[in-house]
Amino acid sequence: MTIYRKIHQAVGAAVDEAITSGALTLSTDMPVFVVEPPREAAHGDLATNVAMVLAKPAGKPPRAIADILKPLLAAHADVTGVEIAGPGFINLRLRPEIWLDEAREIIRAGTHYGDSDAGRGVRVNVEYVSANPTGPMHVGHCRGAVVGDVLASLLKKAGYDVCREYYINDAGAQVDVLARSVFLRYREALGENIGEIPQGLYPGDYLVPVGKMIAGQDGAKWSAAAEAEWLPRFRAIAVDAMMALIRADLVALNVHHDVFMSEKSLVDSGKVDAALALLQGKGLIYEGVLEPPKGKLPDDWEARPQTLFRATEFGDDTDRPLKKSDGSWTYFASDIAYHFDKFTRGFPLMVDIWGADHGGYVKRLQAAVAAVTGGQGRLEVRLCQMVNLLKDGQPFKMSKRAGTFVTLRDVVDEVGADVVRFIMLTRKSDAQLDFDLAKALEQTRDNPVFYVQYAHARCCSILRHAAELFTPDELSEAGLAKADLSKIASEDELLVIKNLANWSRIVESAAAAQEPHRVAFYLMETAASFHGLWNKGNDNAALRFIIPADKPLTHARLALIAAVRTVLRSGLGVLGCQPMEELRSDATAAA
RNA sequence: GCGCCCGUAGCUCAACUGGAUAGAGCAUCAGACUACGAAUCUGGCGGUUAGGAGUUCGAAUCUCUUCGGGCGCGCCA
């Protein structure tokens with residue numbers, strides 16, 4: 001159990017005791033309170049707001065409640081001091097050994113340190129990327145891919161049962177366009193001069209090998225055929241080929257999925273019809289005419305009756321069309337079916353990662369999920385704002401093969417997957433992000449990736465040097481866990497451990513808020529606290545980690561270093577970044 | 001016109017979801033290497049949290065409103 005949880009329980013027990021003894025009477029249920037590190041380290045080890053949240057239910061001023069709880073908390077074996085401060089905070093001081101035990105626990109747990117059961121095994125489906133299978137991934141997909149991938153890892157670490165999913169939009173009109181584009185490349189492969197790629201088709205030369213492949217397999221049998229004859233085959237082959245490109249891009253970015261769900265398979269299996277029939281049965285579908293959209297009116301707008309979903313009954317601003325004028329389902333309709341399918345596969349909680357340009361779509365799909373699951377399923381959507389790609393402050397253009405856009409591969413080739421991943425998380429996802437490829441490779445303080453990697457490499461460097469004084473056994477994790485940590489006495493060192501002990505709280509709160517960027521910020525903080533400690537040794541040689549004349553002290557400090565390294569690894573693991581053993585030119589990733 | 005997101009130090013951003021004196025980096029000023037990597041660190045300067053009103057023990061955070069920026073607004077996905 002973490003220190004925070006332990007003390008949280010102790011505070012809860014103190015309140016219960018006060019209620020039992022009659023000192024406190026609550027008019028409502030016990031409110032939620034927190035135990036957290038105080039803003040000022042001088043205020044103690046931990047602080048709780050319990051007296052303030054109890055003020056109303058107990059009908060007493062916060063400080064009076066704190067006075068009642070103070071002696072009860074002071075009696076706890078781990079508490080060495082209780083102070084009441086400010087409007088009614090209760091500040092606690094703990095035995096230093098508590099923190100030293102935590103350092104030992106970190107080394108023992110390894111990168112599993114920080115694992116939490118807060119998610120209680122709830123099954124959650126995280127859907128991300130879901131780029132259309134019409135070409136390689138472009139830079140615009142980067143952020144959502146990383147945010148989704150890291151959020152999934154974070155939820156898993158926080159105790160959720162996570163499924164990572166990709167939705168293949170292989171049923172829409174854009175796949176017909178893709179097939180026609182490939183057909184052109186097919187004729188080209190047969191020796192025909194196709195000239196310029198017409199407007200409206202995909203011009204990228206990544207389609208050239210697909211056309212060649214079909215020409216190689218099928219010969220000229222399609223060249224004079226009607227579109228209706230060749231279209232199905234070209235669609236299928238083209239989608240497969242594009243998904244192969246996309247999967248390779250995902251591998252390059254170290255992004256993983258458990259399930260690739262095909263929209264076409266959903267349509268073919270009748271699940272769209274079934275889901276819509278379900279809504280029909282609930283009386284939520286009707287034929288009607290929508291008001292024209294406010295603001296600028298589309299030129300070809302005309303009022304006409306449509307098949308509509310009563311989204312307004314579930315909080316949307318207007319009812320939404322389910323069928324196109326040609327009678328086929330809209331994308332919205334198959335999306336309803338898709339999310340209903342997720343729900344029936346056992347995911348009461350669904351998280352979708354979308355680009356901000358889809359923001360207007362959130363309400364209607366949440367309305368649909370509420371309707372089709374009878375309120376049992378919950379959809380949450382995290383929107384990712386745009387990334388402005390720069391190099392030395394100038395907009396970055398590369399587009400070596402794709403025609404008009406910068407591919408994800410261009411970016412990964414330029415700076416590496418680890419850097420891309422980390423930088424994508426240096427802002428909360430609903431804020432715009434400038435990504436300067438030149439700065440991302442700088443080895444300076446203002447490059448957060450480097451800064452964190454440097455801290456990890458420094459830990460490794462110290463442990464390498466320690467091999468001159470200690471046996472491999474003594475430097476193993478088991479050996480370091482046995483170090484006499486009571487040698488660690490300085491406030492600076494304890495502060496570093498207190499920061500490490502925050503890791504599991506960060507995991508829980510970042511997972512609850514679905515904000516993976518908090519992990520990146522925490523790692524920067526952890527790196528800063530460690531770099532600070534390291535430099536204390538410059539001013540005062542007695543604070544250096546390796547003191548050859550005092551092996552027990554050195555061993556204890558090495559254990560502290562190992563704990564720092566462990567938490568950095570654990571955090572980098574969540575981010576999907578490789579921790580670096582060294583950052584020299586011959587740098588290699590940790591095994 | 002409507003909806004969503006956003007507005008915090010000169011710049012780029014945090015603030016553990018309502019907590020204490022709003023914190024970091026960059027820039028700027030003043031300092032620290034006979035070392036385990038100074039690619040780092042220590043300190044100073046810098047704020048009416050866009051403006052106004054409200055909710056309560058307490059607001060950057062919640063509500064309303066004004067201003068400013070971004071995205072979206074039938075039969076694209």
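Throughout, a chain's letter reflects where its sequence line sits, starting with A, and its residues are numbered from 1. Both backbone and side-chain heavy atoms feed into the values below; hydrogens, waters and symmetry mates do not.
Between A:R518 and A:E515 a salt bridge is recorded (basic side-chain N to carboxylate O distance below 4.0 Å). We find that A:E102 and A:K498 are not joined by a salt bridge, their nearest charged nitrogen and carboxylate oxygen being 4.0 Å or further apart. Look at A:R320 and A:D316 and you find a salt bridge, because one of the NZ, NE, NH1 or NH2 atoms lies within 4.0 Å of a carboxylate O, short of that distance.
Looking only at atom types and distance, the side chain of A:Y331 has a donor-acceptor partner in the side chain of A:N169 under 3.5 Å away.
Across all strands shown, A:Q514 has no heavy atoms under 4.0 Å from either base or sugar-phosphate atoms. A:K363 comes within 4.0 angstrom of sugar-phosphate atoms only, judged by non-hydrogen atoms across all strands, and of no base. Residue A:I506 is out of contact with every strand shown, counting any heavy-atom pair closer than 4.0 Å. In this structure, A:R320 reaches neither bases nor backbone, as no heavy-atom distance under 4.0 Å exists between it and the strands shown. At a threshold of 4.0 angstrom between heavy atoms, the contacts of A:D316 with the nucleic acid are absent. Within 4.0 Å of A:K536, counting heavy atoms only, lies no atom of the nucleic acid at all. Heavy atoms of A:N49 sit under 4.0 angstrom from at least one base atom. Here A:R427 lies in heavy-atom contact (under 4.0 Å) with sugar-phosphate atoms only.
Nearest to the side-chain atoms of A:H465 among the listed nucleotides B:C76, B:C4, B:C36 stands B:C36. The side chain of A:H517 has B:A14 as its nearest neighbour among B:G19, B:A14, B:G3. The listed nucleotides are B:U40, B:C13, B:G19; the one nearest the side chain of A:V53 is B:G19.
Along RNA chain B, the nucleotide closest to A:F450 and the one closest to A:P321 are compared, and the more 5′ of them pairs with A:F450. Each of A:E263 and A:S509 was matched to the nucleotide of RNA chain B holding its nearest heavy atom; the match closer to the 5' end belongs to A:S509.
As the counterpart of B:G43, B:C29 is assigned, both hydrogen-bonding distances of the Watson-Crick or G-U wobble pattern falling under 3.5 Å. Nucleotide B:C62: paired with B:G54 (Watson-Crick or G-U wobble, both distances less than 3.5 Å). When Watson-Crick and G-U wobble pairs are counted only if both distances are under 3.5 Å, B:C2 pairs with B:G72.
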Could you go through nucleotides 70-72 of chain B and list every protein N or O atom that sits under 3.5 Å from one of its N or O atoms, giving the distance for each pair?
residue	atom	partner	partner atom	Å
B:G70	O2'	A:Q432	NE2	3.2
B:C71	O2'	A:A356	O	3.3

Using salt bridge (Lys or Arg N to Asp or Glu O under 4.0 Å), reason through A:K342 and A:E127 one step at a time and then give a plain yes or no. CA-CA 10 Å; A:K342 286 189 202 175; A:E127 183 208 329; 2.9 Å; yes

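The base of B:C16 has none of its N or O atoms less than 3.5 Å from a complementary donor or acceptor on the side chain of A:R518.
At most 12 non-hydrogen atoms from other residues, nucleotides or ligands lie less than 6.0 angstrom from NZ of A:K56.
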